[in-house]
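Shown next, in structure tokens, is the structure this report addresses.
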Amino acid sequence: MSFVLDGFEPDHPTTSSFGGSSEVDERLLAGLNPQQREAVLYRGRALLIVAGAGSGKTSVLTRRIAGLLDTREAWPSQILAITFTNKAAAEMRERIHGLVGDAAQGMWISTFHSACVRILRRQAEAFGLSPSFTIYDSADSRALIKRILKELEADTLGLTVSSVAGRISKLKNELTDAESFARGANVDDPKESAFLEVFRRYSEGLARAKAFDFDDLIAQTVYLFRAFPEVAALYQRRFRYVLVDEYQDTNHAQYALIRELVRAVKPQNVPADTRTRLEADGSIAPASLTVVGDSDQSIYAFRGADIRNIVEFERDFPEAKTILLEQNYRSTQNILDAANAVIGNNFDRTAKNLFTTIGAGDKITGYTGYSAHDEAQFVADEIDKLRTAGTSLNDMAVFVRTNSQTRPLEEIFIRSALPYRIPGGTKFFERAEIKDAMAYLIQVVNPADDLALRRVLNVPRRGIGPATEATLQAHADREGMPLRDALRDVEQLGLGPKVTGAIRTLVDLLDEASGQALTAAPADIFALLMERTGYVTGLRATRDAQDEARAENLEELLAQTKEFRKQNPEGTLIEFLTNVALLAAADEIDDTDGSVSIMTLHTAKGLEYDTVFLTGIEEGLLPHQMSAGEPGGVQEERRLFYVGVTRAKRRLFFSLAMQRSQFGDTTVALPSRYLQEVPAELIEWRQSPGFANSRGGSQPRALNARRDSGDRFSYGTSLPPAPNREKREWANAVTAKVRDNGDLTLATGDRIRHADFGEGRVTGVTGQGPKSIAEVLFDTAGRKKLLIKIAPIEKL
DNA sequence: CTATCACTACTTTTT
DNA sequence: GTAGTGATAG
């Protein structure tokens, strides 16, 4: 068997092994502190950079790579850098390019998942795998599991889709496949054996569909390397410098992958014509490994991240050097003091104290709203004030613990005419019509993917109902063929002439598109499919406004396929699909579009903003209810809080609500324990939890039942204003509905009445059509900007 | 085969 | 409060 690595240059000469590196240009070291400098310059087998939040680790990492290139210690193709998001990868590439120019071409800088897809696609054919395998996202995995549970009627045993999906994911992250699980499984337990059966069928289902789920991408690469040392050797020889960012969030499979990559190459796997320097025994020395991380920012235990990977790095690599970066270049001292104080309550950590020379800065501003809407209104008002004062919306971010918290924020932001974005939350690719269109594309690339075909069988409606589908499926099962092949045999199945014709048309179209899958531009294939299925025109024909929106979304998808081709002139459909599948929430952030970002704390990791709003700081939300039962849960939530706080450069806001509705009913919320861990003098409460209660009164209320013991929310200097009457009235009167005023027009001087703010006078109108915004001076509520189309207003 | 209505489980975080 | 499911009628 021979393995061809397209694009791989043969083994490069290695001018020096891991020797001295005194030649690194001073230019690359400019402005670094002694520890950062050492981290850039150190040469050796293994390096751990413990990088506190905001300690300039990206700078260190990029300069370290630039140094390797600049001194010719490494060719670009010998470098593999793993980042957490595609966006981070792109930024790192750009920064290195800025330092060393075109020498930056040819490096692998990508996420674990992207790197593994690349490896798997290159090696697939040698193992009888399809190089055009598709990637199942969580929703696809769940759909498959759901089907299996139904088949087995396993739901009676208490197996739910989410429990099974979670468990399989965990097992895969531990590199346990169905068969190795079977060896240790307790088959006497009916639930256990049912789970095993589901796991087996799930794995078979993926294999039959030529699909990998997210976890497979990593695990299968590890299996590949372990089963075929000569394949692993290709990459071990190629990547002489492996660098991993956010190492504290690697799981076992990712850890194993790294271990495989930095193994020495055995003499039998060294080609005779290698130009790489050999050891005395004819082997090639292991690659150099650099990992960067901060155990205080480990927030992905739920998906298998193992903090021990970083904590025990020195045990794994006894010769490892550890460098600690503690100086923070991002935040003010007040922000750091708050962060340090809170994280100090995690007992099993190695002490680390962030410091800065920036100065104390502003105090943290605290606000307790009566409801989530009130809280959101506070955030919107503050953002508007800061914007007026000259801070760009791009420099502000609102953090939430759970996705559902974005809703009230969105409602208020829309009403306040504040442009916002929810990276990862828009879920463009999760909309039904987009998933339909994607299913067409997937089925074109990968005809084995039954799940994709089943999804579009009757979309748009073509009269193929459940009964017809069952007939087709039965034929496929009988013949042991994919559903797509069964469609081609439709004439033999004795279905009605109408249905038969519809199926023939569909399968001919798919076959035609598949014929072009490897060559045509993704946009052309997409256009062909939409044209011939009439999906978009069908949506346009209905008078439903939602269908019109769906048609627009499909147009947007078409635009995206075109944009993709612009970025990647040779890009094929399969690459487009891969990109989409591996898109991370943070990849969607555009920091130049003039909007505020609302995101989860998890998405916020690795980012920084001038101004940060940390919202929903309540017991049950942060720490989340669900974490209470898990070992280490409360500590992990504390790290999440810490991550949120340390994102802020200059201004930090803490907010919470006194009542929050979930599940349809409203419950009283208590301030988070983490709030009490922040020294009281660091927070200036605009409205403190101690002085507001859910009815808007001003009686002190119990704070975690510790009201009288030195009440940490009473503070001498900055007494909170007692909640004033107007505020209270509008705070709870906010309705959840977004309304539509049609084409109501307003002009300067008009008087209006607003459902929440009362009466006011229009002082200016900007923007066009449905986006026009009125600036209104309210008699009691002050100046507000309102989106005329949807604000709850009437002209007087 | 499709449309409508009632019912229930659901919200942790993500590649 | 709602998305997704399942039963029933058209």
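Everything quoted here is computed from the prediction, not taken from an experiment. The chains referred to below are lettered A, B, ... by the order of the sequence lines, with proteins before strands, and numbering in each begins at 1.
The aromatic rings of Y420(A) and F413(A) stand perpendicular to each other, their planes meeting at an angle above 60°, with 30° marking the opposite boundary.
Here K210(A) does not pair with D449(A) in a salt bridge; the nearest charged N to carboxylate O distance is not below 4.0 Å.
No engagement by S661(A) is indicated, since no non-hydrogen atom pair under 4.0 Å with the nucleic acid exists. Residue contacts for D137(A): at a heavy-atom cut-off of 4.0 Å it reaches no nucleic acid atom on any strand shown.
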Between protein and nucleotides 13-15 of chain B, what N or O pairs are separated by less than 3.5 Å?
from    : atom 1 : to      : atom 2 : distance (Å)
dT13(B) : OP1    : N403(A) : N      : 2.8
dT13(B) : OP1    : N403(A) : ND2    : 2.8
dT13(B) : O4'    : R401(A) : NH2    : 3.2
dT13(B) : O2     : R401(A) : NH2    : 2.8
dT14(B) : OP1    : T600(A) : OG1    : 2.9
dT14(B) : OP2    : N403(A) : ND2    : 3.4
dT15(B) : OP1    : A585(A) : N      : 2.9
dT15(B) : O4'    : R303(A) : NH1    : 3.4
dT15(B) : O3'    : H113(A) : ND1    : 3.4
dT15(B) : O2     : H113(A) : NE2    : 3.4
dT15(B) : O4     : S138(A) : OG     : 3.4

N/O to N/O distances under 3.5 Å, protein versus nucleotides 6-10 of chain C:
none

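Taking atom P in both dG4(C) and dT13(B), the straight-line distance is 15 Å, to the nearest Å.
The residue from Q254(A), H602(A), K605(A), Q297(A) that alone fulfils the side chain to side chain donor-acceptor pair (under 3.5 Å) condition with D249(A) is K605(A).
dG1(C) atom P lies 16 Å from atom CZ of R660(A), rounded to whole Å. Atom CD of Q405(A) is separated from atom P of dT12(B) by 12 Å (rounded to the nearest Å).
Note that R638(A) lies outside the cation-pi zone of Y674(A), set by a 6.0 Å cut-off to the ring centre and a 45° limit from the axis. Within the cation-pi definition used here (under 6.0 Å to the ring centroid, within 45° of the axis), R639(A) does not qualify as a partner of Y642(A).
Close placement of the F641(A) and F654(A) rings is indicated, their centers lying within 6.0 Å of each other. Checked against the 6.0 Å centroid threshold, Y136(A) and Y202(A) do not count as a close aromatic pair.
In terms of the side-chain contact (heavy atoms from CB on, under 4.5 Å) criterion, residue partners of A372(A) (sequence neighbours excluded) are, by chain and number, P408(A), R660(A).
Mapping E469(A) and H624(A) onto DNA chain B by nearest heavy atom places E469(A) at the nucleotide closer to the 5' end.
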